[in-house]
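Just so you know, ligand 1 is whichever comes first in the structure, and atom 1 is the first atom listed for that ligand. The structure presented is a predicted model; accordingly, all values stated were derived computationally and were not measured. Counting begins at 1 with the first residue of the sequence.
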Amino acid sequence: MTFTRPLLVSLAVLALAAPALAAPAPAITPMPAKMTVSDGAFVLSSATRIHVPAGDAELLSVAEYLRGMLKTQRGLTPKIITAAPKDGESVIRLTRIQTLVAEDNEAYHLTVAPDGVTIGAVSRAGAFYGAVSLWQLATSEAGKGKVELPAVSIFDTPRFKWRGLMIDSARHFQTADEIKRIIDAMASQKLNILQWHLTDDQGWRLHINAYPKLTEVGAWRQPAGAAGFDKAGKPVRYGGFYTQEEARDVVAYAAARNITVVPEIDMPGHATAAITAYPELGSEGTPPKQGMSDWGVYPNLYNVDDRTFTFLTTVLDEVMAIFPSPYIHIGGDEAIKPQWEQSPAIQAKMKELGLKDEMELQSWFITRIGKHISDKGRRMIGWDEILEGGIAPDATIMSWRGLDGAVAAAKLGHDTVLSPAPDLYLNHRQSLSGDEPPGRGQVVTLKDYYGFNPEPAAIDPEARKHILGLQANIWTEHARTTERVERQIFPRLTALAEVGWSAADMRSWDGFARRLPANLNRLDKLGIRYDKAPFDPVPALTAADGGVAVSFTRSLELGQVHYTTNGKTPLASSPVYTSPLTLPVGTRLTTRTYLDGKALGTAKTFTLSREAIETRTSQQMGTCDNKLVLNLEDDGGERAVVLTDILHPCWLWRGADTSKGLAITAEVGSMPFNFQLGNHPEPPKVDAPVSAEGELNLHLGTCEGPVVAALPLGDSGKTPGISVLKGTVPATAGTNDLCFSFGQKAPPPQWVLKSVRLTVHGK
Ligand code: ACM
C-alpha cells in the first residue's frame, strides 16, 4: 500500500474504530515523502552483509555508521563487503544513483524486499538518511538480535534544507561528549544544523588563541545565591570551555552525521563575559559593574573602536578556521542602547559617520562584520534585530520575535530561518506537571510543536522561497544539568524534525503519535533523557461524600490512563480512567499511560490523603499575572522548583471554602534576584511590607482585595531553602478566590511560594 494523505486519514479513522485491525505505517520519523508497503519481509541478522562499491569512501563511511548503530542498538554485527555478494546472501546494498538531481542532495531511495535491501542516493547525505531510515525500521520494536523488516519502497527528500537545533552552552556548560550525544539524537531525526551558542554575558566557551583571557577569565563565574558557596563557605567557580581541538572534533563528529555546526559569536550585546576579560572592549571603558551570574538583558555592549573590530574579526577568523559552516551566526539580539547613548566617544563616532541614531550605528557595526565574513567566502546570519537600522547586504535573518523578522526579510529578498518564541523555544515548560524541569512558565506542548506552520500566510507564496527552514532553540539559563537540557529538547525536537522534513500532506498528529513509542524507544537506546512528565496525568483531588474525588488533567491527550489501587504498576489490561473516580481516603492510586498497548511516561503513585486534598503547589495554583512567568529553582536546601512571575510574584487559589475560616500552612523560599531587566523598566510589583522582614499576604477575591491574613516571614530569609509559615484566615461567607503575594521591599531577595495547605477550621 502507498502512503498518501487520504489513506493515512482513513487508516487513522480505522485505528480509532478498531485498533487491532489497523496496519500502522512503518515507524519512520520524520514521515518519508513517499512510501509503499508490500507483502513479505527482509530478515536482518549478523549474517547480513552491507555492500558498498569498491573505492567509494563516502558510502563506506555510511556503511560503517549503519553497522555501528545496528551493533550498539540491536547487537547485530553485519560485515561490510566490497566484493560481489555470494548467491543467496542476505545483503544491504549502498549505491550511487544518478536519477536524482543535484538539489536533491539529501534525497534517497530505500527498497526493502525479502531478497535484499537497497539504499540509493546521489550524495553521501542521501545515503546517510537512507541508512537512518533502515536503522529505524530495525528498531521499531524494542529488542536485540535478528529482526524482520517489512517490505517497503521509499523515496524520500526533505521539505526544508535548514532543520536546526540551537544549544546554548554559554549560560550552562555541556561537555563536548554531551554535545555529541545530542548530535547522535539529532541525526536520528534527520536534523542537519546545530547552531552552537558559544558566547554570552554569562560565559565565553571557545578558546581563542589570540585572546586567551576570553576563556581564562570569561569562562568562569560564581553562581548566584547559596549555590555560589561550597560547604566550607568558599566561593564556587562554575563554568568550562571547549579547546579548539574539542570543537574541531565536534564539527567532524557532526559532519559524519550530516550536521553542520553553525557557530554563534554574539555581538554587539550579550558580551559581558568578553568585556569582563578585556574591559577595553566595552562601551564604558571599565570592567562591567554586574557579575556574570544574572539572567536577562545586560546593558554591556562592545564599543565601536577599530581595535574592537580587530578583536572581533580576529576571533571570527579563528572561529571560521574551526567551523567550515557556510553560515556564521553573529547574534545581534537584545543589544539595548543606554551605554552607546551615554558614551561621548560613541556619540562622536556616530556623528563622524553621519548616522542618525544608535540603530543605524548597530546596522553599520553588523554590516562591517558581515563584510568581513563575506570576504572570507561565508554568509552572515543573525537574530532579527539586525534588521533594525537597515539590514546588511546578504544577511540571513533568524526570526525569533515572532515571525515579523521573517516577513520583513523575505519582503526585502533576504533568506530567513523561522525560530519564533515561544513556539520553537525549548526552554518553555511542556506540560502543567509539577515534575517539569525549570524554565519559562508558559506551556508549549509536543502537539504545539507539531502544529507549527512553517509556511506562514503572512509571507506571500512567492517570497516563501526565502524560508530556508526552521530551528528550535534550547536556552539554558535554568537548565543547570545536561539531563535538563535533554528533557527540554526531547521529545519536542522529534515533532520539529517532522515539520521540517515531511511534506504537509504527509503529516498528521495521529500518525506521528502512533510512531512516537518507537521513537522514544530509540531515544532510550541513544541514552537520551527525554521528558516523560507530559504523558502522565496530573491529578486534582477534592473531598467527596464517601472519600476523595479524583480527576485528571492531561497536557497531551495521548493514549489512555490505566490505574490500580493495589500498589501494582498498571498494565495495559488494568482499568481505564474515563471519568472522575471516588475512592476512600488513604487509597494509594497508581496511574500509567498506554498508547497502542505501549507504555508512555512513568507509573505514578499518589496517596489520597487529607493533606493531598488540602494542598496545592505553585504549579497547581498558577500565577495571578503573566508578566514574566518562570518555573524557577529555589536557591538552596532541597532546591524545589516553583512557578512564579518574577515581575509580579502572586499565586491564585481558586474557589476556597472560607465559610468556616481556614488554617494556612505555607512553604516559602527566598531566592537571589539575579535578573538584569534592561528591557523591563518597571521594578517587580510587590506589596508594601509591614515588618522589616516582610510577610506572606493573603488577599480575598483578587490580588487587589483586602489582606485577610499576613504571615510574618521572620527569620525565613536567613536560611536558603524552604521554610514553613502558619496562620489563619477568618470565616467569610461562601467560596472565594484567594491571592497570595509578598509584602517586602523591592527584590532582592525574591520570595516564592512553593505550596499552600488550607484546612477548614474544626477538621
Ligand atoms: C533571543 O532569544 N534572544 C534570540
Please test Thr29 against Glu498 for side-chain contact (heavy atoms from CB on, under 4.5 Å), starting from the C-alpha separation and ending with a verdict. CA-CA 7 Å; Thr29 302; Glu498 183 147 308; 3.5 Å; yes

Cationic tip of Arg507 above Tyr450 ring, under 6.0 Å, 45° of axis: yes

Just the distances, no angles: every ligand 1 N or O to protein N or O pair closer than 3.5 Å, one line each.
unit_1	atom_1	unit_2	atom_2	d
ligand 1	2 (O)	Tyr425	OH	2.6
ligand 1	3 (N)	Asp333	OD2	2.7
ligand 1	3 (N)	Glu334	OE1	3.3

Can Arg368 and Asp306 be counted as an ion pair, charged N to O under 4.0 angstrom? yes

In terms of side-chain geometry, is the basic nitrogen of Arg484 or Glu436 positioned less than 4.0 Å from the acidic oxygen of its partner? no

Going by atom type alone, with no hydrogens or angles, which donor-acceptor pairs under 3.5 Å involve a side-chain atom of residues 451-459 and a protein atom two or more places apart or on another chain?
unit_1	atom_1	unit_2	atom_2	d
Asn453	OD1	Glu455	N	2.8
Asn453	ND2	Glu455	O	3.4
Glu455	OE1	Arg159	NH2	3.1

Would Thr623 and Asp645 count as a side-chain hydrogen bond (donor to acceptor under 3.5 Å, both in side chains) here? Give the steps. CA-CA 6 Å; Thr623 57; Asp645 184 335; 5.1 Å; no

